[in-house]
Amino acid sequence: MDNAVSSADPVHPSTTDAAGAAAAAVAPAARPIRLVLVDDHKLFRTGVRAELDQAGNGTVQVVGEAADAPSAVSVIAQLRPEVVLLDVHLPGGGGIEVLRRCLARTGNTALAPDTRFLALSVSDTAEDVIGVIRAGARGYVTKSISGADLVDAVRRVADGDAVFSPKLAGFVLDAFSAGAAPAPESVDEELDRLTAREREVLRLIARGYAYKEIARELVISIKTVETHVSSVLRKLQLSNRYELSRWANDRRL
Amino acid sequence: MPPLPEDTPRLSRSARGRLAGGIARGLALHLGADVWLLRLLFLEYSWVGGLGAFAYGLFWLLVPLREVPPEERAAPRPGIRRVLIALAALGLLLLFGLSPKMIPRDWHTVLPLIAVGLGLAVLWRQADDAQRAGAESDSPWSSRGSHLARTGLGAAVALGGLLALTKTHTSWTEAGRTLLAALALLVGAGLIGLPFFLRVLRDLAQERTERARSQERAEVAAMMHDSVLHTLTLIQRHHDDPGQVARLARAQERELREWLYGQRKTAAESFAEALRAAAAEVEDRHGVRLDVVTVGDGPVDAHLEACVAAAREAMVNAAKYAAQTPISVYAEIAEDRVEVFVKDRGPGFDLDAVASDRMGVRESILGRMRRHGGKAEIRSVPGEGTEVRLSARRAPAGGAAVVRQRGESAEYEQGEEHDGQRGELGGSGAPEYH
């Protein structure tokens with residue numbers, strides 16, 4: 001349903017991996033992004049693997065697969081991939097369980113502290129989307145996404161940015177709208193409100209704009225767009241707003 | 001014995017218009033007889049060895065309580081009426097004619113019996129009401145106090161009756177001892193029966209959840225069979241026509257999503273649903289995929305209806321000229337205004353280069369929005385795609401402003417009718433711009 005937000009942009013001015021990935025648009029990078037694929041449908045895993053190989057042109061390397069939550073946790077702990085493509089509905093607790101067990105800190109270190117998670121699902125209900133984001137995923141795309149957009153979303157998440165589908169942007173605007181009341185016990189004004197700029201960026205994402213187009217429309221740099229989206233992601237994960245809590249509660253978070 | 005057909009009217013105690021258990025009313029509706037005649041019969045035969053009261057109690061235990069729908073009510077039947085009157089006469093004959101001794105005249109016995117009967121009737125009726133309240137869940141708190149009071153009263157009257165009954169022939173101490181013994185017996189029986197009773201309760205709960213689950217499964221199976229399997233069959237039949245396959249799959253996906261996560265609102269009460277319905281229609285007709293995202297929602301008035309129609313027109317254009325690219329539809333419904341954006345990544349076009357007299361887009365999108373006090377803007381860059389932006393004011397919740405606005409645009413409302421029809425034709429027939 002949702003296409004990924006961004007299209008490939010060759011002038012990506014980001015950190016280490018991004019430079020490599022940008023170069024990879026022309027030639028395969030020296031070090032591809034190591035990725036683990038978690039989905040309970042074998043047919044789907046095969047399809048995604050083929051698409052990543054084809055559209056990724058060597059920039060993404062699928063190093064492991066898992067079909068349920070417990071095996072996903074052990075595969076991730078063992079392989080320490082940069083990105084995990086995570087299905088929301090999985091046997092053994094779902095994607096949220098995987099996120100919880102991989103990101104939970106025992107003492108000082110988490111099971112996979114440097115791994116970033118991109119949720120991938122057929123569902124686009126608010127509970128699923130908000131639930132998995134609040135559990136720690138850095139992005140959400142639906143399975144109808146094209147191969148090129150998926151590769152781009154993976155690269156973005158690997159760079160530490162957030163990936164918002166138009167649907168997710170719509171949910172966030174809904175949850176942070178003026179009409180929706182903040183939770184009474186909420187104390188953090190900063191977390192419970194979107195800035196005007198963040199709202200503008202989200203609206204453009206919901207309208208189907210790529211980051212590049214958003215930057216042009218608002219006359220800001222792509223980097224600034226990414227900063228805004230990451231900031232929204234942080235608010236989404238930490239805010240106590242009533243709507244968010246409700247949606248997350250439906251997923252028993 | 002073969003089972004009765006489904007639509008056979010079944011005897012039930014009527015929840016409407018009942019005095020005690022609703023038995024006389026239920027029978028009256030079922031037989032097509034007069035309710036007072038039946039009540040009289042029960043009362044009369046209660047004096048014939050308690051036969052009427054006994055029958056009434058049995059009916060109460062065995063016949064379910066519900067509201068009898070009008071189509072199950074029998075037409076008045078004179079034959080039944082004659083039979084009932086004959087029965088009443090027979091009762092009178094039994095009471096006074098043949099054996100006058102059968103009429104109980106021992107008031108020390110009869111009055112407590114009546115009290116017990118009344119108390120039991122109140123108690124049983126309360127149980128019925130509680131059951132019904134549980135099913136309908138209408139304000140359980142407000143009636144709770146009176147419910148308890150009535151239950152207590154019923155219990156008191158029944159117990160008083162029993163006490164009086166036992167007291168009649170004996171002294172007070174004797175009666176007290178009898179009551180105590182009865183109480184001990186009750187407690188003992190309760191303790192003995194408790195585990196069995198609990199098990200029955202548990203089994204019942206389990207059976208109920210199982211039934212709910214199997215019902216759900218049946219519903220899913222029906223849905224799968226009716227639509228999913230059907231669509232899969234169609235897809236196999238059309239395997240050589242990719243466009244048709246995509247269209248079928250998309251329509252099925254939409255239906256399934258609606259079934260799983262749908263809001264179940266009608267297009268009239270929800271702008272978002274109206275827009276989604278319009279998008280679904282365009283998807284079906286043109287075999288494209290539209291990603292619809294909405295923020296907020298509200299009811300649809302005349303202006304917003306025009307907005308949906310204009311958005312539909314924009315979607316049709318995008319579907320025609322940018323079918324292979326992602327098409328995004330975004331709507332934001334705020335307190336005072338509505339905005340809709342339809343964006344495609346098609347070839348785009350030069351707006352000024354299109355002759356004004358040939359441009360359906362000018363009439364069906366720009367003109368329509370203007371007539372309804374809204375605004376439409378088309379941005380197209382050759383090679384990058386087109387975005388149509390619609391914005392309309394939303395009528396405030398108060399009345400006066402709405403009336404004035406509608407008065408002003410009354411004549412345009414007429415034009416809108418024609419316009420809407422042309423939009424329909426345009427959708428299925430001739431291309432509208434380029």
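Per chain, numbering begins at 1; letters A, B, ... match sequence-line order.
- For A:Gln54, the CD atom sits in a loose shell: 12 or fewer heavy atoms of surrounding residues, nucleotides or ligands are nearer than 6.0 Å.
- For the pair B:Ser328 and A:Gly208, the tightest heavy-atom approach, listed with the atom from each and the gap, is OG-CA, 3.5 Å.
- Contact of B:Arg389 with chain A is made through the side chain alone, with heavy-atom distances under 4.5 Å.
- Applying the 6.0 Å contact sphere to NE2 of B:His238 captures more than 12 heavy atoms from other residues, nucleotides or ligands.
- Residues satisfying the salt bridge (Lys or Arg N to Asp or Glu O under 4.0 Å) criterion with B:Arg370, sequence neighbours excluded, are absent altogether.
- Between B:Val295 and A:Leu173, the shortest heavy-atom distance links the atoms CG2-CB, 3.9 Å.
- At a threshold of 4.5 Å between non-hydrogen side-chain atoms, the residues B:Glu387 and A:Glu213 do not count as touching.
- In this structure, A:Arg207 fails the cation-pi test against B:Tyr330, since its NZ or CZ atom is not both closer than 6.0 Å to the six-membered ring centre and inside 45 degrees of the ring normal.
- With sequence neighbours excluded, the residues forming a salt bridge (Lys or Arg N to Asp or Glu O under 4.0 Å) with A:Glu97 are A:Arg100, listed by chain and number.
- Looking at B:Glu332 and A:Arg199, no side-chain N of the basic residue comes within less than 4.0 Å of a carboxylate O on the acidic one, giving no salt bridge.
- Listed for the B:Asp291 side chain is no donor-acceptor partner under 3.5 Å among the backbone atoms of A:Pro166.
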